[in-house]
*Asks:* 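Input: one structure, supplied below.
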Amino acid sequence: MSISSQEICILPNKNNLALLQTNGMPGNLYNICSNLPATPTRLERLLRDRELRKYSKCLNDCEAELPSSTQDCFSPDLETSTCWFNDEELLEPVSASRSLNDDGERLDFRASKQRLLVVANRLPVSAVRHGEDSWQLEMSVGGLVTALLGVKEFDTRWIGWAGVNVPDEIGQKALAKALDEKRCIPVFLDEEVVHQYYNGYCNNILWPLFHYIGLPQEDRLATTRSFQSQFDAYKKANQLFADVVNEHYEEGDVVWCHDYHLMFLPKCLKERNSKMKVGWFLHTPFPSSEIHRMLPSRLELLRSVLAADLVGFHTYDYARHFVSACTRILGLEGTPEGVEDQGKLTRIAAFPVGIDSERFIKALELPEVQDHMKVLKQRFAGRKVMLGVDRLDMIKGIPQKILAFEKFLEENPNWRNKVVLLQIAVPSRTDVPEYQKLTSQVHEIVGRINGRFGSLTALPIHHLDRSLDFHELCALYAVTDVALVTSLRDGMNLVSYEYVACQESKKGVLILSEFAGAAQSLGAGAILVNPWNVTEVASSIGYALNMPADEREKRHHHNFKHVISHTAQEWAATFVSELNVTIVEAQLRTRQIPPPLPIEVAVDRYSCSNNRLLILGFNATLTEPVDTLGRKDSQINEWEPKLRPDLQEPLRKLCDDPKTTVLILSGSARNVLDDNFSDYNLWLAAENGMFLRVTTGDWMTTMPENLSMEWVDSVKNVFEYFTDRTPRSQFEVRETSLIWNYKYSDVEFGRLQARDLLQHLWTGPISNASLDVVQGRRSVEVRSVAVTKGAAIDRILGEIVHNKGMKEPIDYVLCIGHFLTKDEDIYTFFEPELPSEVPASVRPQVPTQVRTSTAGSRAALLLKQNSMSAVEQNKSYSIDGDTLHLMVTDRISFQEGSSVLDLQANDYFSCSVARKRSNSRYRLQSSDEVVTLLRELADHR
Ligand SMILES: O=P(O)(O)OC[C@H]1O[C@H](O[C@H]2O[C@H](CO)[C@@H](O)[C@H](O)[C@H]2O)[C@H](O)[C@@H](O)[C@@H]1O
Ligand SMILES: O=c1ccn([C@@H]2O[C@H](COP(=O)(O)OP(=O)(O)O)[C@@H](O)[C@H]2O)c(=O)[nH]1
């Protein structure tokens, strides 16, 4: 019998029973499998997932204790390969995890392992060709490989470049076959692409920029010139990766893209299959948005990463920088969850990587490691040994490290023959000129210092330009007294983790750069340094070498605990779990997003009807879309909205159609609507419907009689104060509301100011008033509770019907707008059976029953009621200057039993524009689509 992870929950034991009950769902033990509507929070989901993982790990561990004959274990055949780590079990395919259930029945967990496609530039093995169809595979070096090799919980396949050019088909086939045994799938890149994409765009542009080094000094202009062709190659290479993923993808797979090489990949994948679960993780720092905005391709890169469902970074700082780049450069909304764009949320979070600590700890017991340790101890007997292990990369701060060591020797002559620095500098990206230069620079400094402080028998620096095998490396980690990590920037730095893992008996000291991601997790036990400050590093070396045993022990203990509990396995499992949860949540959220307006249907119903009402919002509905993409933030266009020129013609046609009444219903002031629409034959409702006029007539007010505006002066004071202190913000005093707008200000500063402003309002002038504070995307508006579009519409409708002397009820309503939530009561006005708060998820999108006003339409009902109450109460409104206060209720001339509205459900189209969540039945993405719609309607009289 095979069971899926979904079904695991029906096997509770005492432990997970306790957990499920503490997850906020008392008495609902089987909630995960039940059909009950309780929707768990993200935290509940993640906790449950974590518990299930532990549970299944526990079963797997039990299985490990079964006699080997009962296990169906894979034994890799690496006869043809030499492995750098000589640790081929790391690449084993998924082993069948089997266990017995309570009835002695065998459970096969093979099916419960989720398929994971890891896509990274580099495969864990690099290929070396030995003949036409013969390949040797060697382990690749670098933290990414180390981290991902620790991932064992999934049925993993690795897709990547084998680090070699294979132009011929025979070679490609043979290599694909050899790699298949390692569950690796090659992406073949030709030399030119590798040169432009990997050496060029990735390692000469993105890498230095993301590490705050800036573009290479000498060939900066050349780089600037070749930028476009390198970026094209980058996109091309990413597309090649996408093609291979698509070829191997099976429904339900998780596709996990890695690193700066593949920032374009999420977009390529999602364009082809929007349902694919795509995660992207960056192993390097993500720099401040000020750095990222220097990239000519800044927009495209951000946009394509955002196509992923989940985006992960090593630290909160990197995640914060990314979100800030999205807000500042793309103008998108950053929320605590991630980044939102048109209702799509890309979740952004920090997932600090770890190592497979057990592997290092166990390795120390191996005879070959013990042998290495013995040799090393003898070789350096009587001297303290300091260790540096880095790829030879400018980000690692190797010259700075060596200079600090020189300074230490300079200032501490007593240590000169008593300490040695072993520096392993693994050659890396040797085709990139900057790396070549670094090699000679380091050699030169090492030579100088050895010449200065060395003797015939001892040298202060042992510098190795090569990699070590795993056993040698573990031995070195274990016997050395101090590890020196001086990265100028480093995504994480796993060497520091590995050092700590191997120091359980010696309790050596870790000196760690504060610019490495690892400083966030190992900072408590390490000595943190600024690698640029050579004096500080030199004195830290002295401090470390002289540190008393009890302090070393405490510091080590702190870090060791962290390293063994934050493993690579846990990192990957958490990321994938979060990705799965993100997908579930996105599905739930999607249900709250109204479907696109079926334009054809709306047009078709329009042409079949005889008395139509078109209610159109103004801002962001009939104006150009809010300019966010690639905006030049400093450009203030116009504060006042303007009707899109391409809408003039269709709007005029619609207004001139005798069967159609057009109402512009807006928050804008009267003069703004006058400026834009005076020439059209339509109705204008300004200030959210508080003022009304037909363009051939004068303004009248529909304002409730007792509307108090006493609060205005005090709110104005607060708005003035914040306008003064927020560059490029502005406030507007309307007759029924006050609006502070910061759409042209610095987004983040504007938001902070808005938060502050709200606090002032709540605790000050409006605390006792009957007001609403309405937060827009980049605005704060204060208006009386009674002022909403929905509240005004019945009065407006009454006036229109009366004024036009309508003999026939309205049989078609299209209501579209970029309305604030407060004003969405306009949508539900025409749907009396549902309260406006009802979430879209439970709202029938297209009700099938036919409603007529006589059977309960709110408009007809209200009009009748108002009419009666007006007659009964004999209410009237006064004339105030040029404003006629409307007594709408006594103007209803319809006879009892007849109706103002005779609206069938499928003749009503409420539609939000450019809103992510809405109570409308439908949505349009932007005012561009409004243009299409109105053009179509205008052509169907
Ligand atoms: O593949 P290469 O070009 O030879 O470079 C090796 C790797 O270097 C980078 O490693 C990063 O990932 C580590 C693990 O997350 C992290 O600890 C370290 O700080 C990073 O520098 C690079 O990001 C990888 O893609 C490369 O494979
Ligand atoms: O001779 C060596 C030296 C180092 N490493 C490994 O390379 C990785 C370096 O990762 P780190 O995160 O420190 O930096 P990166 O090189 O990825 O920037 C570590 O796992 C080391 O064990 C290696 O494989 N061979």
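Numbers here simply count residues along the sequence, with the first being 1. Model, not experiment: these values are computed from the prediction. One-based numbering, in listed order, for ligands and for the atoms of each.
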*Asks:* Which atom pair, heavy atoms only, marks the closest approach of Leu528 to Ala519?
*Replies:* CD2-CB, 3.8 Å
*Asks:* If I apply the N/O under 3.5 Å rule, does Ile395 come out as touching ligand 2?
*Replies:* no
*Asks:* Relative to the heavy atoms of Trp207, which atoms of ligand 1 are at a distance of less than 4.0 Å?
*Replies:* 9 (C), 21 (O), 22 (C), 23 (O)
*Asks:* Classify the side-chain pair Tyr497/Ser521 by whether it contains a donor and acceptor separated by less than 3.5 Å.
*Replies:* yes
*Asks:* Under 3.5 Å, N or O to N or O, is Arg466 touching ligand 2 that way?
*Replies:* no
*Asks:* Between Glu504 and His556, does any side-chain donor sit less than 3.5 Å from a side-chain acceptor?
*Replies:* yes
*Asks:* Which of the atoms of ligand 1 are close to Asp490, meaning less than 4.0 Å from one of its heavy atoms?
*Replies:* 18 (C), 19 (O), 21 (O)
*Asks:* Applying a heavy-atom cut-off of 4.0 Å, say which part of Met139 lies close to ligand 2: side chain, backbone, both or neither.
*Replies:* neither
*Asks:* Any atom of ligand 2 sitting under 4.0 Å from a heavy atom of Arg391?
*Replies:* yes
*Asks:* Show the atoms of ligand 2 that are less than 4.0 angstrom away from any heavy atom in Leu473.
*Replies:* 22 (O)
*Asks:* Please list, in number order, the atoms of ligand 1 under 4.0 Å from a heavy atom of Tyr198.
*Replies:* 1 (O), 2 (P), 3 (O), 4 (O)
*Asks:* Between Gln423 and Asp390, do the side chains contain a donor N or O and an acceptor N or O under 3.5 Å apart?
*Replies:* yes
*Asks:* Does an N or O anywhere in Glu498 fall below 3.5 Å from an N or O of ligand 2?
*Replies:* yes
*Asks:* Does only the side chain of His258 get under 4.0 Å from ligand 1, or the backbone, or both, or neither? Count heavy atoms.
*Replies:* neither
*Asks:* With Phe281 as reference, evaluate Tyr260, Trp571, Phe313 under the ring-ring contact (aromatic ring centres under 6.0 Å, His included) test and give the passing residue.
*Replies:* Trp571
*Asks:* Does Tyr316 OH have over 12 foreign heavy atoms under 6.0 Å away?
*Replies:* no
*Asks:* With distance as the sole criterion, is a donor-acceptor pair present between the side chains of His258 and His283 under 3.5 Å?
*Replies:* yes
*Asks:* Between Val426 and ligand 2, is there a nitrogen or oxygen pair with a distance under 3.5 Å?
*Replies:* no
*Asks:* Consider every N or O of Arg429 and every N or O of ligand 1, then say whether any pair is closer than 3.5 Å.
*Replies:* yes
*Asks:* Would you say Val389 and ligand 2 have an N/O pair spaced under 3.5 Å apart?
*Replies:* no
*Asks:* Work out whether the distance between some heavy atom of Trp571 and some atom of ligand 1 is less than 4.0 Å.
*Replies:* no
*Asks:* Is a donor on one side and an acceptor on the other found under 3.5 Å between the side chain of Trp158 and the backbone of Arg122?
*Replies:* yes
*Asks:* Using a 3.5 Å cut-off on N or O atoms only, is Asn203 in polar contact with ligand 1?
*Replies:* no
*Asks:* Check each of Thr486, Leu484, Val534, Ile445 against Ile402 using the side-chain contact (heavy atoms from CB on, under 4.5 Å) test, and report the only one that passes.
*Replies:* Ile445
*Asks:* Would you check the N or O atoms of Gly491, main chain and side chain alike, for any that come under 3.5 Å of an N or O of ligand 1?
*Replies:* yes
*Asks:* Taking 4.0 angstrom as the limit and counting only heavy atoms of Asn493, give me the atoms of ligand 2 inside it, by number and element.
*Replies:* 12 (O), 13 (O)
*Asks:* Check ligand 1 against Thr284 and write out every atom of the ligand that is under 4.0 Å from a heavy-atom position of the residue.
*Replies:* 23 (O)
*Asks:* If the cut-off is 4.0 Å to any non-hydrogen atom of Arg122, which atoms of ligand 1 fall inside it?
*Replies:* 1 (O), 2 (P), 4 (O)
*Asks:* Any donor-acceptor pair under 3.5 Å linking the side-chain atoms of Gln370 with those of Glu368?
*Replies:* no
*Asks:* Could you check whether Lys396 pairs with Asp393 (Lys NZ or Arg NE/NH1/NH2 to Asp/Glu carboxylate O, under 4.0 Å)?
*Replies:* no
*Asks:* Can you spot which of Lys270, Lys277, Arg347 makes a side chain to side chain donor-acceptor pair (under 3.5 Å) with Asp309?
*Replies:* Lys270
*Asks:* Out of all atoms in ligand 1, which are within 4.0 Å of some heavy atom of His314? Include the element for each.
*Replies:* 15 (O)
*Asks:* Evaluate Met492 for polar contact with ligand 1, using N/O atom pairs at a separation under 3.5 Å.
*Replies:* yes
*Asks:* Quick one: look at Ile355 and ligand 2, take heavy-atom pairs under 4.0 Å, and tell me if it's side chain, backbone, both or neither.
*Replies:* neither
*Asks:* Record the part of Asp259 in heavy-atom contact with ligand 1 below 4.0 Å; permitted values are side chain, backbone, both and neither.
*Replies:* side chain
*Asks:* Side chains of Asn238 and His261: do they bring a donor and an acceptor to under 3.5 Å?
*Replies:* no
*Asks:* Side-chain donor-acceptor pair under 3.5 Å between Asp490 and Asn493, yes or no?
*Replies:* yes
*Asks:* Using a 4.0 Å cut-off to any heavy atom of Val495, which atoms of ligand 2 qualify?
*Replies:* 13 (O)
*Asks:* If the contact criterion is a heavy-atom separation under 4.0 Å, does His283 count as touching ligand 2?
*Replies:* no
*Asks:* Side-chain donor-acceptor pair under 3.5 Å between Ser577 and Asn580, yes or no?
*Replies:* no
*Asks:* From the options Arg391, His211, His283, His261, select the one whose nearest heavy atom is closest to atom 8 (O) of ligand 1.
*Replies:* Arg391
